[in-house]
Amino acid sequence: MSVKPLVAGNWKMNPEAGNFVELASQILEEISKIEGVTKVVCPPSVALREVSNALEGSHVLVGAQDGHPEASGAITGEVAMGMLSSVCTYVIVGHSERRAMFGETDEYVARKAVSAIASGLSPILCIGESLDVRDAGDALSYVHDQLVASLDGVDNPETLVIGYEPVWAIGTGVSARPDVAGEMAESIRSTLTGLYGGEAALNVPILYGGSVSPENIGPYIDRPHINGALVGGASLKPSDFGRIVSLVASIRG
Ligand code: PEP
């Protein structure tokens, strides 16, 4: 598999103290010398510019955690993808917290993905099933349908990244079994192949996310269709994040 591995840290609404540049600098110290992995940090939108400036020239890239599909307008509190593109390279779309807390539908997420790509951003499109869906034995078909619907209108997957994040594994300390995540990644690859053809599908990094730590990352990265990780809690701990990036590099880089 030729796709370059990728590790992205989703800081969510952290750190509370607002010391964004300090965290970015500590992370930089841990990961700047690690090669063979695309490294991304996603701070809150208020910090995108300062973190971007702090990381300039470092090969650590910056991502936003969300963006609005419209280019401009009377939409209080929102930031357009085009506006984000001057301060970052990636943007997370469809994170399960946004789907759950803000009622984001697959259709809306697809509009974000289309707008992100049109704005020159790489969308990290998050998908994943709830525990109810998994327990009912419907996870593969649910995620297939969610992925297809969330990619509606995305014609070119060249800059696309997929984050498979089972909802029950996010922030819970209960990570998916690597074989379960690996099976889903294979199914996601097959869905992408159906949509875009085999060669294009092989170039889409598929990340696992959900309680990733330095202790558990290895077996995920051993799976043929998992190309990296989307990391929440552990991305706020520079040495843990550094160890995750380093392990991904040593296994896949
Ligand atoms: C996330 O929210 O994208 C995530 C993977 O969180 P955590 O690593 O904390 O489970």
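These numbers come from a predicted model, not from an experiment. Both counts, for ligands and for their atoms, begin at 1 and track the order of listing.
- Remark: minimum distance from atom 2 (O) of ligand 1 to any protein heavy atom is reached at Lys12 NZ, 2.5 Å.
- Contacts between Ile170 and ligand 1 below 4.0 angstrom, taking non-hydrogen atoms only, involve backbone and side chain alike.
- Ligand 1 places these atoms under 4.0 Å from at least one heavy atom of Gly171: 7 (P), 9 (O), 10 (O).
- With Val51 as the fixed residue, the side chain to side chain contact (heavy atoms under 4.5 Å, CB included) test singles out one of Val41, Val46, Ile27: Val41.
- For the ligand labelled ligand 1, residue Ala169 lies inside the 4.0 Å heavy-atom shell.
- For Ala64, the side-chain contact (heavy atoms from CB on, under 4.5 Å) partners are Leu48, Leu84, Cys88, Val91, not counting sequence neighbours.
- Note: Leu131 CG to Thr172 OG1 = 9.5 Å, rounded to the nearest 0.5 Å.
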Check against salt bridge (Lys or Arg N to Asp or Glu O under 4.0 Å), Glu215 and Arg243: CA-CA 9 Å; Glu215 286 71 38; Arg243 283 166 63 208; 3.1 Å; yes

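- Under a 4.0 angstrom heavy-atom cut-off, Ser211 registers as being in contact with ligand 1.
- The shortest N or O to N or O distance between Glu165 and ligand 1 is under 3.5 Å.
- No side-chain donor-acceptor contact under 3.5 Å links Thr191 to the backbone of His144.
- Closest protein heavy atom to atom 8 (O) of ligand 1: Gly232 N, 2.8 Å.
- Hydrophobic clustering (side-chain heavy atoms under 4.5 Å, transitive across Ile, Leu, Val, Met, Phe, Trp, Tyr) keeps Phe241 apart from Leu61.
- Atom numbering of ligand 1 starts at 1 in the shown order; those under 4.0 Å from a heavy atom of Asn10 are 2 (O), 3 (O).
- The distance criterion of under 3.5 Å between nitrogen or oxygen atoms is not met by Gly209 with respect to ligand 1.
- Rounded to the nearest 0.5 angstrom, Leu195 CG and Asp152 CG are separated by 10.0 Å.
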Side-chain donor-acceptor pairs of residues 108-120 under 3.5 Å, sequence neighbours excluded:
unit_1, atom_1, unit_2, atom_2, d
Tyr108, OH, His68, NE2, 3.3
Arg111, NH2, Glu70, OE2, 2.7
Lys112, NZ, Asp66, OD1, 2.6
Lys112, NZ, Asp66, OD2, 3.2
Lys112, NZ, Gly67, O, 3.4
Lys112, NZ, Glu104, OE1, 3.4
Lys112, NZ, Glu104, OE2, 2.9
Ser115, OG, Pro69, O, 3.1
Ser119, OG, Gly82, N, 3.4
Ser119, OG, Ser115, O, 2.8

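- With respect to atom 1 (C) of ligand 1, the closest heavy atom belonging to the protein is His95 NE2, 3.3 Å.
- The option with the heavy atom closest to atom 9 (O) of ligand 1, from among Gly163, Ala234, Gly233, is Gly233.
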